[in-house]
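Remarks on the structure that follows.
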Amino acid sequence: MSRQSIQLNEQVYNYLLSVSLREPQILKECRDDTANHPMARMQIAPEQGQFISFLIKLLNVKKALEVGVFTGYSSLAIAMSLPKDGHLDACDNDAEVTRVAQKYWNKAKVSKKISLHIGFAIETLDKLLKENQDNTYDFAFIDAHKPEYIDYYERVLRLIRPGGLIMVDNVLWSGSPADKNIQDEDTVAIRNFNEQIKNDDRVMISMLPVADGITLILKN
């Protein structure tokens with residue numbers, strides 16, 4: 001048996017989904033709708049959404065934060081898993097694409113749990129900090145503009161309570177960060193982020209080869 005994570009070819013990946021994915025119909029509708037969007041590649045994988053839901057339930061999350069909404073699949077997964085008195089602050093700068101998200105939030109009857117903040121995420125996070133929201137969030141999901149990952153992280157780390165969890169998406173970026181010859185802006189940003197987090201003694205980390213790579217970050 002290999003000591004490395006298994007390589008998921010299409011056959012193995014489809015098997016994984018066939019024996020493990022329990023995707024609610026509303027999430028499938030959102031995913032199918034997004035497949036027609038020109039930026040559909042920004043959509044998280046369904047098994048990743050299920051993993052997020054699993055973590056929300058496991059950690060008894062009541063207050064969550066999302067940086068990067070797109071068409072709303074991840075925020076929908078979060079909100080549907082929150083308790084009735086749970087709340088999600090969702091940040092995105094695209095009012096048009098988030099209308100799709102709002103459509104599915106309304107259809108799933110979770111819109112009352114979600115506050116959508118339209119604007120630059122860094123400004124929204126700074127506003128939450130000014131409102132004394134630091135150390136109050138149980139869970140955060142970061143999946144937005146890659147060159148700002150470190151800036152998002154530093155603010156989110158202040159907003160998350162001790163023992164709270166941050167999930168960061170796209171940390172393997174199709175393998176590009178491992179190739180030093182690839183020097184585009186997004187790859188360099190992710191590479192720098194990964195290196196910084198590895199040496200951050202304020203947190204515990206675990207990078208997992210789920211979808212395009214995720215890092216789980218536990219605030220000490």
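The chain is numbered in sequence order, starting from 1.
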Is a donor from one side chain sitting under 3.5 angstrom from an acceptor on the other, for [X] and [Y]?
X	Y	answer
H87	S115	yes
D184	T187	yes
Q102	S111	no
K146	Y149	yes
Q48	D212	no
E66	S74	yes
Y153	Q196	no
T98	D92	no

Test: K130 and D126 ion pair at under 4.0 Å: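 Salt bridge: no.
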
salt_bridge(D33, K103) N-O dist < 4.0 Å: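 Result for this pair is yes, salt bridge flagged.
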
Neighbour count >12 (heavy atoms, 6.0 Å) for atom CD, Q25: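 More than 12 heavy atoms, drawn from other residues, nucleotides or ligands, come within 6.0 Å of this atom.
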
Option among I114, I26, L88, V100 that satisfies the side chain to side chain contact (heavy atoms under 4.5 Å, CB included) test with W105: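 Passing option: I114.
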
